[in-house]
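These values consider heavy atoms only, across backbone and side chains, with no hydrogens, waters or symmetry-generated copies.
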Amino acid sequence: MDFIVAAARKAIEELYGTQVPADVISLQETRKEFEGQVTIVAFPIVRYSKKNPAETAEDIGKYLQANVAEVAAFNVVKGFLNLVLDQQYFLRVFHEEILGTGFGRIAPNGKKVMVEYSSPNTNKPLHLGHVRNNLLGYSVAELLKASGYEVIKVNLVNDRGIHICKSMLAWQKWGNGETPENSGMKGDHLVGKYYVVFDAEYKKEIKALMDQGQTEEQAKKSAPLIVEAQQMLQQWEAGDAGVIALWEKMNGWVYEGFGVTYANLGVDFDRFYYESNTYLLGKDTVEEGLEKGVFFRKDDGSVWIDLTAEGLDEKLVLRADGTSVYITQDLGTAQMKQDDYQMDESIYVVGNEQDYHFKVLFLILEKLGKPWAKGLYHLSYGMVDLPSGKMKSREGTVVDADDLIGEMIRTAKSKTEELGKTNDFPEEDKNALYRNIGLGALKYFLLKVEPKKRLLFDPNESIDFQGHTGPFIQYTHARIRSLLAKAAYQPGGDAAGVELSDTELDMVMMLGKYPAQIREAAATHSPAVMANYLFELAKGFNKFYHEIPPIVKTEAGAQKQFRLNICRVTGDVLRQGMSLLGITVPERM
RNA sequence: GCCUCGGUAGCUCAGUUGGAUAGAGCAACGGUUUUCUAAACCGUGGGUCAGGGGUUCGAAUCCCUUCCGGGGUACCA
């Protein structure tokens, strides 16, 4: 629509003798209740026209109608100039751009971006919060790929630390040699079970100590279990062969379990980093900062950065005993990732409880003069809450990822069977379909909400399969595929002899937006943008489908071919767009 | 306390480079199947865009302020 802006500026120049910047021409889609497709707002122009908005709009409308071939007519309503574009214009756009093979494919931009997501702890299974993280990370990576980036998906696994030692210790004490094999329990769940056991036993000890007169704080520090876990962590850091072997064994179980969950979610990674390899990094960076005078050392030997000038606090970057803290590691890891890949941008998909951490991290890297620091971005997303509030593993209120996936598939199965449309499917296809629909519903549910907003999940209310949902879009796609098959669709056709009805025009306009939607979703790191667009498109298609006479039974000709082309492109855009959300669409359902 | 992110229909959410009478889905009610899949379509009702002030021709959108909610503010990660 750039040509409208250009023409309007020319109109103003010729009518009023003054040049105006492009942003004076405010273009918007014409609201449904008025005639036309594009609207120019007259108010910003009045200071150049020196006339009232209605007269200004009238002037420009007349000029455009006379001088721009595509402008067939216009009307003015309260200072809004609504332009009616020629049908031929839309038909040309449809046949030359939308119908082309490259539609929706954006050329490589030569830039490399890293997306770090998932990044789980290895002491317990994944829950709904992780699911949101994984789906967001995967989708953002796909969106960036589609908008021209080279993408590296990275998972930074937190595989060491006190929490893992807790599981290890509890298993050692009370596990009786239980393994995933002999118990039939998924590895990550098994390890998680002992994490819970640890916590329960630890609490008992605390209570006992408090009964003996200790304060809660003392008790928490002196309970034998926590002391033992800390010793275990020290042994781990010292490279104790027995502890390392146990650690490797139990982490192995967890990775096997995570692998299954990742496969079910359909997410993947190009590279895994492990904190056991990175937790010592960052000390060089601290040295560098001291040399550059960005950091300073206190009398006790601890190293700090003063960010009060930026409205933040003083922040510790190295402990007095010379060991790393979280941010030390992250400074080092950021440098390592940069050295490994030399990417232009780097996105961290991490919950909003770490907003402050990343603000500080990026600021420090900038102060250290890292040229790549400006390419860092924290994709911060809101927590997934239950009606009762936050999910808490200790109170057993977490929604387990594997359970949820299983439940979604079962629900999809029962809903599908209720409808009875797939009774003739082979068993294998049925199961694939249930999985398709169940996961489609779950993924869409999580991705349609703007990332930074918190998300409410009610375990007692199953996720919908009707209305603004994944299955709605999947259904629309299946319907299109079925129709095309019945009509024995063949590509081809041109604008000659085609008349556009209102819904057909709507479809052409909506389809035309697809590339811009990819760009916007990628630029704003928001799968929700794509999700909402696809819903609008599917809704528009269903309306179109109901309004026009049955295509299959229509007599062959330009109009029929045009409608089939609309069906085909809509199906393709739905399929491609959903794949950018990590959702697959079925051929039948 | 300070920092930060939210608050839009009964519920879940769209809508912010400032534009027309604020939109969907669910739920409720009514209609559509001798027509290509009714997981669909059409219609009805439903709003103090948290409150107040300001800027503007025009504010859900920008500024100030109050209230409510989340998160952060560790020599934890």
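Scanning for ring pair (Phe, Tyr, Trp, His ring centres under 6.0 Å) contacts around A:Phe544 gives A:Phe541, with sequence neighbours left out. Taking the ring pair (Phe, Tyr, Trp, His ring centres under 6.0 Å) definition, one finds that A:Tyr381 meets it with nothing, sequence neighbours left out. Taking the salt bridge (charged side-chain N to carboxylate O under 4.0 Å, His left out) definition, one finds that A:Glu33 meets it with A:Arg31, sequence neighbours left out. Considering only residues two or more places apart in sequence or on other chains, A:Trp236 meets the ring pair (Phe, Tyr, Trp, His ring centres under 6.0 Å) condition with A:Trp247, A:Tyr279. Not counting sequence neighbours, A:Thr469 has no partner by the side chain to side chain donor-acceptor pair (under 3.5 Å) test. Under the salt bridge (charged side-chain N to carboxylate O under 4.0 Å, His left out) criterion, A:Lys543 pairs with A:Glu547, not counting sequence neighbours.
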Listed pairs, N/O of protein and of nucleotides 34-36 of chain B, under 3.5 Å:
residue, atom, partner, partner atom, Å
B:C36, O3', A:Lys486, NZ, 3.0
B:C36, O2, A:Ile551, N, 2.7
B:C36, O2, A:Val552, N, 2.8
B:C36, N3, A:Ile551, N, 2.9
B:C36, N4, A:Tyr545, O, 2.6

For nucleotides 25-28 of chain B, which of its nitrogen or oxygen atoms have a protein nitrogen or oxygen under 3.5 Å away, and what is each distance?
residue, atom, partner, partner atom, Å
B:G25, O2', A:His468, N, 2.9

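Using a 4.0 Å cutoff on non-hydrogen atoms, the parts of residues 455-463 of chain A near RNA chain B are A:Leu455, A:Leu456, ordered by number.
At least one side-chain nitrogen or oxygen of A:Lys453 sits closer than 4.0 Å to the OP1 or OP2 atom of B:A14.
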**Complete:** Heavy-atom contacts, protein to nucleotides 16-23 of chain B, under 4.0 Å, summarised as B (base), S (sugar-phosphate only) or - (none) per nt, yield ---BBS-S
**Fill in**
The contact string for nucleotides 72-77 of chain B, one letter per nucleotide 5' to 3', using protein heavy atoms under 4.0 Å with B, S and - for base, sugar-phosphate only and none, comes out as SS-BSB
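Listed by first and then second residue, the salt bridge (Lys or Arg N to Asp or Glu O under 4.0 Å) pairs that reach into residues 42-53 of chain A are A:Lys51-A:Asp59, sequence neighbours excluded.
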